[in-house]
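For reference, the structure discussed in these notes is given below.
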Amino acid sequence: MNCLISAGPTREWIDPVRFLSNPSSGKMGYALARAAVDRGMQVTLVSGPTALKAPAGAEVLFVETAREMQEAMSQRFAKADLIIMSAAVSDHRPETRSKQKQKKEQMRMTLDLVANPDILMELGKQKKNGQTLVGFAAETENLLPNARRKLREKNLDWIVANDVSEKDRGFQSDFNKISLLSKEQNEMDFEYQEKNSLARKIMDILCP
Ligand code: CTP
């Protein structure tokens, strides 16, 4: 079984010393990659910049921007049986990326942004029979309704609903509390626990 996982944040450069990003550590995606390797799957991990050690036994492709992540994911998508998009993709990027460091006195105080591709939405459109597509929903309010909407709109089979408003879980933490929702309207709520242990339980459900 071939498993393709994205993890970590993306970086959207303003100039050579500045970027837009988010606090994703990549821990959940890396834990999922390790859990998939442990189950004997062929694993490709497409990773944004993180401080984590590459999971042994997985092929790891490092990317920085959302567009690089999209290219890496779509190149490998057709061959994958299970695709998990756990990366925290920056929704926007600066309209221009300056080649030179911008001097502070000369910088405009307004940043012009353009939309990045929605990688998962595009993968959802290409999904074929036999492929299982899984997304994450990072929310600070209306967790389950927002997660269900993303599950439907992005043509997913499963979504991990992730409340990122609490300090003791989610971004950066080794722990998380999540719910796993399926397109058949099943909902599984998991206790607060280590991401490593959650990753194994998620894999048990995705690949029984
Ligand atoms: N995602 C993606 N490409 C983007 C944005 C998000 O592939 N440009 C994926 C994420 O990896 C995640 C899912 O879509 O699996 C939901 O991401 P999330 O940040 O929760 O939501 P958004 O779709 O970005 O919507 P919003 O920011 O309005 O909540």
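Whatever order the structure lists ligands and atoms in, that order sets their numbers, starting from 1. Predicted model only: the values in this text are computed from it and were never measured.
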Protein heavy-atom partner closest to [atom] - residue, atom, separation in Å:
atom                    : result
atom 8 (N) of ligand 1  : Pro117 O, 2.9 Å
atom 10 (C) of ligand 1 : Ala87 O, 3.5 Å
atom 29 (O) of ligand 1 : Lys150 NZ, 2.9 Å
atom 12 (C) of ligand 1 : Phe136 O, 3.0 Å
atom 7 (O) of ligand 1  : Leu120 N, 2.8 Å

Any side-chain donor paired with an acceptor under 3.5 Å for [X] and [Y]?
X      : Y      : value
Arg67  : Asn116 : no
Lys201 : Gln193 : yes
Gln42  : Asn2   : no
Ser47  : Tyr30  : yes
Thr10  : Ser90  : yes
Ser179 : Asp189 : yes
Thr44  : Glu59  : yes

Quiz prompt | Distance flag for atom 14 (O) of ligand 1, protein heavy atom under 4.0 Å | solution =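 Within 4.0 Å: yes, protein heavy atom nearby.
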Contact check: [X] vs ligand 1, nitrogen or oxygen atoms, below 3.5 angstrom:
X      : value
Glu139 : no
Ala88  : no
Asn116 : no
Met85  : yes
Asp91  : yes

Just to check, does Ala66 reach to within less than 4.0 Å of ligand 1 when the distance is taken from its heavy atoms?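 Ala66 does not count as a contact of ligand 1 under the 4.0 Å cut-off.
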- Query: Among the heavy atoms of Lys154, does any lie under 4.0 Å from an atom of ligand 1?
  - Reply: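 Right, Lys154 reaches ligand 1.
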Given Leu133, Ile119, Asn22, Val160, which one has a non-hydrogen atom that is nearest to atom 3 (N) of ligand 1?
->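 Nearest heavy atom to atom 3 (N) of ligand 1 lies in Ile119.
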Q. Are Val63 and Phe77 connected, step by step, through hydrophobic side chains (Ile, Leu, Val, Met, Phe, Trp, Tyr) whose heavy atoms are closer than 4.5 Å?
A.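 In one cluster: yes.
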Checklist line | Per-atom contacts of ligand 1 with Ala137, taking only distances under 4.0 Å to non-hydrogen atoms | finding: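 In order of number, 20 (O).
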### Query
Just which atoms of ligand 1 are under 4.0 Å from any heavy atom in Gly135?
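It comes down to these atoms of ligand 1: 15 (O).
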Under 4.0 Å between a Lys/Arg side-chain N and an Asp/Glu carboxylate O for Lys177 and Asp168?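 Salt bridge: no.
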Measure the CD1-CE distance between Ile159 and Met85 for me, rounded to the nearest 0.5 Å.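 Rounded to the nearest 0.5 Å, the CD1-CE separation comes to 12.0 Å.
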